Amino acid sequence: MKIAVSCLNSRDIPTDLRKISVTDVDYIHVDVMDGKFVKNKTISFSEMKEIHRYTHKRLDVHLMVKNPIKFIHDYATLNTEYITVHLETKNVYKALELIEEYGIKKGISIKPNTPLDDLEPYLDCVDLILVMSVEPGKGGQEFIPSTIERIKELRKKLKKHNSKAIISVDGGINDVVAKKLKDVDLLVSGSYVINGDDYQEQISKLRK
Ligand code: DX5
Ligand code: ZN
């Protein structure tokens, strides 16, 4: 199982990025919010593009924005492995196409109340499916337990479609929740890691 850490709730992003960079974490999860798709807004791209000064880890970019096409060009210029767009936004196909044109892996994310069946048209063409286990918009929320059932169902769908997409889960992930998510390929965790004293220890506990 791979781990991505989100700095969304960090009070000092440069310091936290440096601390995460010396752990064995697989990715930095970059949450991007526009104040439209979700209420909150994250730092601007002009600040975000400095991220290479603090980390050489690859990035897993999560676009929680109304119009992802406007953001893909920028985030494709960073050290990005995945760009994920929300199923509930507009021009999803076009956005996925654009991500592919940049040679970046394509992700699609689904909010907790969106039916899993809505994913069907994308199962064959994406590299990653990001199942939200909280309402997108802010860090530090509690994991929604029904996500566990959704992941089982999604795994069945992927098998049926012979899809190679990996499953990622984001929101409220801590060591206790992680034990129930052994079938997940990429776990995203924010506050659980950032609020700990020893980042490597927290990450290792998620992997156990
Ligand atoms: C929620 C974000 C998550 C979140 C993770 O909208 O997409 O990435 O910040 O943080 P925790 O682990 O605190 O829920
Ligand atoms: Zn996220």
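Numbering of ligands and ligand atoms starts at 1, following listing order. Keep in mind that this is a model prediction, so the values were computed, not measured.
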Checklist entry - Do ligand 1 and S191 have nitrogen or oxygen atoms that lie under 3.5 Å from each other? => result yes
Item to check | Atom NZ of K138 with >12 non-hydrogen neighbours under 6.0 angstrom | outcome: no
Item to check | L8: numbered ligand 1 atoms lying under 4.0 Å from its heavy atoms | outcome: 9 (O)
Next on the checklist: Tell me whether ligand 1 is touched by N9 - counting only heavy atoms on the residue side and a distance under 4.0 Å.
Outcome noted: no
Checklist outcome for this item: Protein-side N, O or S atoms sitting under 2.8 Å from the Zn ion (ligand 2) are H29 NE2, D31 OD1, H62 ND1, D170 OD2
Checklist entry - Which ligand 1 atoms does H29 reach within 4.0 Å, using its non-hydrogen atoms? => result 8 (O)
Next on the checklist: Let me confirm one number: the CD1-OG1 distance from I104 to T80, rounded to the nearest 0.5 Å.
Outcome noted: 5.0 Å
Next on the checklist: S204 and side chain to side chain donor-acceptor pair (under 3.5 Å): which single residue from E201, Q200, R207 fits?
Outcome noted: Q200
Next on the checklist: So if I count the atoms of ligand 1 from 1 in the order they appear, which ones are less than 4.0 Å from some heavy atom of H62?
Outcome noted: 7 (O)
Checklist entry - Parallel, tilted or perpendicular: which describes the rings of Y93 and Y122, with under 30° parallel and over 60° perpendicular? => result tilted
Checklist entry - Any N/O of G190 closer than 3.5 Å to an N/O of ligand 1? => result yes
Item to check | ILVMFWY network linking I167 to M132, side-chain heavy atoms under 4.5 angstrom | outcome: no
Item to check | K160 atom NZ, over 12 foreign heavy atoms within 6.0 Å | outcome: no
Item to check | Polar contact flag for G140 and ligand 1 (N/O pairs, less than 3.5 Å) | outcome: yes
Item to check | atom 1 (C) of ligand 1 [closest protein heavy-atom partner, distance rounded to 0.1 Å] | outcome: K138 O, 3.6 Å
Next on the checklist: Is there a polar contact between ligand 1 and M64, counting only N or O atoms under 3.5 Å apart?
Outcome noted: no
Checklist outcome for this item: Per-atom filter on ligand 1: closer than 4.0 angstrom to a heavy atom of S189 are 12 (O)
Next on the checklist: Parallel, tilted or perpendicular, judged at 30° and 60°: which one describes the rings of F37 and H86?
Outcome noted: tilted
Checklist entry - Taking the minimum heavy-atom distance to atom 5 (C) of ligand 1, which of D170, D31, T42, V5 ranks first? => result D170
Checklist entry - For atom NZ of K179, is the number of surrounding heavy atoms from other residues, nucleotides or ligands below 6.0 Å larger than 12? => result yes
Checklist entry - Based purely on interatomic distance, does G172 place a nitrogen or oxygen under 3.5 Å from a nitrogen or oxygen of ligand 1? => result yes
